[in-house]
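Note: hydrogens, waters and symmetry copies are ignored here, and every other heavy atom, side chains too, is used.
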Amino acid sequence: MGEIGGFLKLHRVGIPYKDPLERIEVEPYREFMIQRSDEELAAQGGRCMECGVPFCHNGCPLGNLIPDWNDLVYRGNWRDAITQLHATNNFPELTGRLCPAPCEAACVLEINEGDAVTIKQIEAAIINTAWDSGWVVPQPPAHESGRSVAVVGSGPAGMAAAQQLRRAGHRVVLFERDESAGGLVRFGVPDFKIEKWIVERRVQQLVAEGVELRCGVNVGVDVTGGELREQFDAVVLAIGSRVPRDLPVPGRELDGIHFAMDYLYVRNRWVAGELGPEPTVAAPALPAITAAGKHVVVVGGGDTGADCVGNSIREGALSVTQLELLPEPPAHRPDDRTPWPLWPLKFRLSYAMEEAKDIGRGEQDFSVVTTHFSGVDGKVAGQHIAQAEAAPPFGPVGGTERELRADLVLLAMGFVHPEQAGIVEQLGCDLDARGNVRAATYETSQSGVFAAGDARRGQSLIVWAINEGRQCARIADRYLSALDHHEPHPSPSGDADAGPAGPPLHAQGAVTVE
């Protein structure tokens with residue numbers, strides 16, 4: 001373990017961020033997270049108790065060897081720390097920036113709320129040091145298997161599956177319909193949370209390892225499911241959960257009401273044009289969605305909604321109001337609802353609303369339901385809301401109606417399931433009750449076709465996406481190895497293997513409600 005009794009001697013010191021005004025006005029599209037010195041990080045790593053039962057492992061879907069690399073950082077052994085980190089996580093620079101850190105919520109020190117080891121910032125520092133020191137290099141396979149795999153979708157799940165399968169010696173072609181690889185990490189998450197050269201650096205590592213990248217290819221349109229089955233020995237579907245939840249109320253058809261991801265794609269493509277990196281193929285023309293000089297309403301209180309707020313403020317919105325259907329969470333962990341080591345359902349002020357409130361242009365409201373929209377000349381001008389009842393279906397409370405000025409409305413209420421028309425339909429994959437690709441053990445109802453990430457489990461966290469990609473690759477590799485040895489392949493999993501729908505119980509609280 002680190003320093004004996006270190007958790008009693010040293011206080012938790014969290015991740016430092018740039019001042020909100022500096023983030024908005026000085027470098028609006030540069031990362032706002034600051035890395036502490038090696039000495040400070042070593043001290044924080046020394047607080048880890050190396051518990052007999054490390055519950056942080058249970059909180060982390062990747063099963064990261066957290067006490068091991070905490071201790072290595074404490075001792076200044078950064079080279080071994082990245083080896084331990086890469087043993088379970090292909091892309092720690094992504095999780096170290098974007099994961100909400102359910103591992104910290106499960107830390108034994110978090111029994112005393114707010115005292116957990118600062119695992120996330122140590123993880124980010126390990127991989128940053130590794131890249132700076134030249135320790136992260138391509139790892140092409142020593143031998144070729146002669147088998148081929150098509151991975152459809154280049155988000156974290158697809159990239160992880162592609163890397164694992166390539167390192168196992170298979171020919172891997174990674175298909176992406178957008179102009180660059182990375183999925184929502186590339187086009188949904190703003191640069192001020194993760195600069196896109198960081199994503200591109202990993203993409204280029206995949207290419208150097210021998211993964212063939214085909215961007216701008218809409219699988220299901222440009223390449224059919226039948227063609228994939230003919231050209232490849234296996235197919236991995238990592239297409240994400242991209243069908244957004246809509247708001248079917250009167251006035252929804254007015255101009256100026258958009259899904260959040262449509263807006264975020266526009267902003268990320270604009271930043272890429274200004275700051276780079278260059279796309280792999282030509283980017284499409286940008287639609288006209290802007291928050292500049294407008295009163296903006298964001299419907300949804302999760303991370304996607306926060307990213308809409310952050311972008312709107314940087315564009316120069318006159319005001320941003322963020323609405324959440326559910327009641328405001330308590331300020332502290334409610335032990336009767338989410339006891340340790342579960343993810344605590346408590347209030348957290350987002351980075352974006354902190355910025356918006358700091359400059360006097362932000363408002364966040366809870367228990368709000370939208371009744372209808374009104375407009376002028378076909379364009380949205382007002383959003384009519386009311387206080388929501390405390391329990392489903394969260395109907396409006398009479399006498400609480402009011403109107404918000406709304407020149408731009410962004411719907412950030414999460415996603416319901418993957419796009420089913422196209423490749424999923426062409427391959428004939430069964431769906432589960434929630435509309436996701438049914439693949440209890442990663443293999444779908446079609447032999448040789450596998451699914452991973454949000455397409456299989458529903459909207460979830462980046463750590464789950466990477467874990468799913470790794471595990472799916474393991475099952476697909478087993479399938480391909482059986483083909484080489486002419487072994488009988490068991491039929492795809494049936495009802496007996498289906499298990500409960502959704503994420504495992506211990507991780508359900510880690511899924512952000514939008």
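Side-chain atoms of Gln163 and Gln205 include a donor-acceptor pair closer than 3.5 Å. Using modelled atom types, one finds a donor on one side chain and an acceptor on the other under 3.5 Å when comparing Thr118 with Gln121. Residues Thr400 and Gln387 have side chains that never bring a donor and an acceptor to within less than 3.5 angstrom of each other. Looking at Glu401 and Thr371, their side chains never bring a donor and an acceptor atom within 3.5 Å of each other. No hydrogens or angles considered: nothing links the side chains of His417 and Ser241 as a donor-acceptor pair under 3.5 Å. Gln383 and Thr370 share a side-chain donor-acceptor pair at under 3.5 Å. With hydrogens and angles left out, the side-chain atoms of Arg267 and Tyr29 include a donor and acceptor closer than 3.5 Å. Side-chain atoms of Tyr263 and Asn268 include no donor-acceptor pair closer than 3.5 Å.
Screening Val235, Leu174, Val211 for a side-chain contact (heavy atoms from CB on, under 4.5 Å) with Val151, the sole residue that qualifies is Leu174.
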Working for salt bridge (Lys or Arg N to Asp or Glu O under 4.0 Å), residues Asp358 and Arg23: CA-CA 11 Å; Asp358 201 67; Arg23 313 202 292 243; over 6 Å; no
So Arg202 and Glu93, salt bridge (Lys or Arg N to Asp or Glu O under 4.0 Å) or not? Walk me through it. CA-CA 9 Å; Arg202 277 295 184 183; Glu93 64 269 50; 2.6 Å; yes
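Take Glu123 and apply the side chain to side chain donor-acceptor pair (under 3.5 Å) test, not counting sequence neighbours, and it matches Asn89, Thr95.
Between Phe450 and Tyr442, the distance separating the two ring centers is not shorter than 6.0 angstrom.
We find that Lys196 and Asp191 are joined by a salt bridge, their nearest charged nitrogen and carboxylate oxygen being less than 4.0 Å apart.
Between His384 and His372, the ring planes are parallel. Angles under 30° get that label, and only those over 60° would be called perpendicular.
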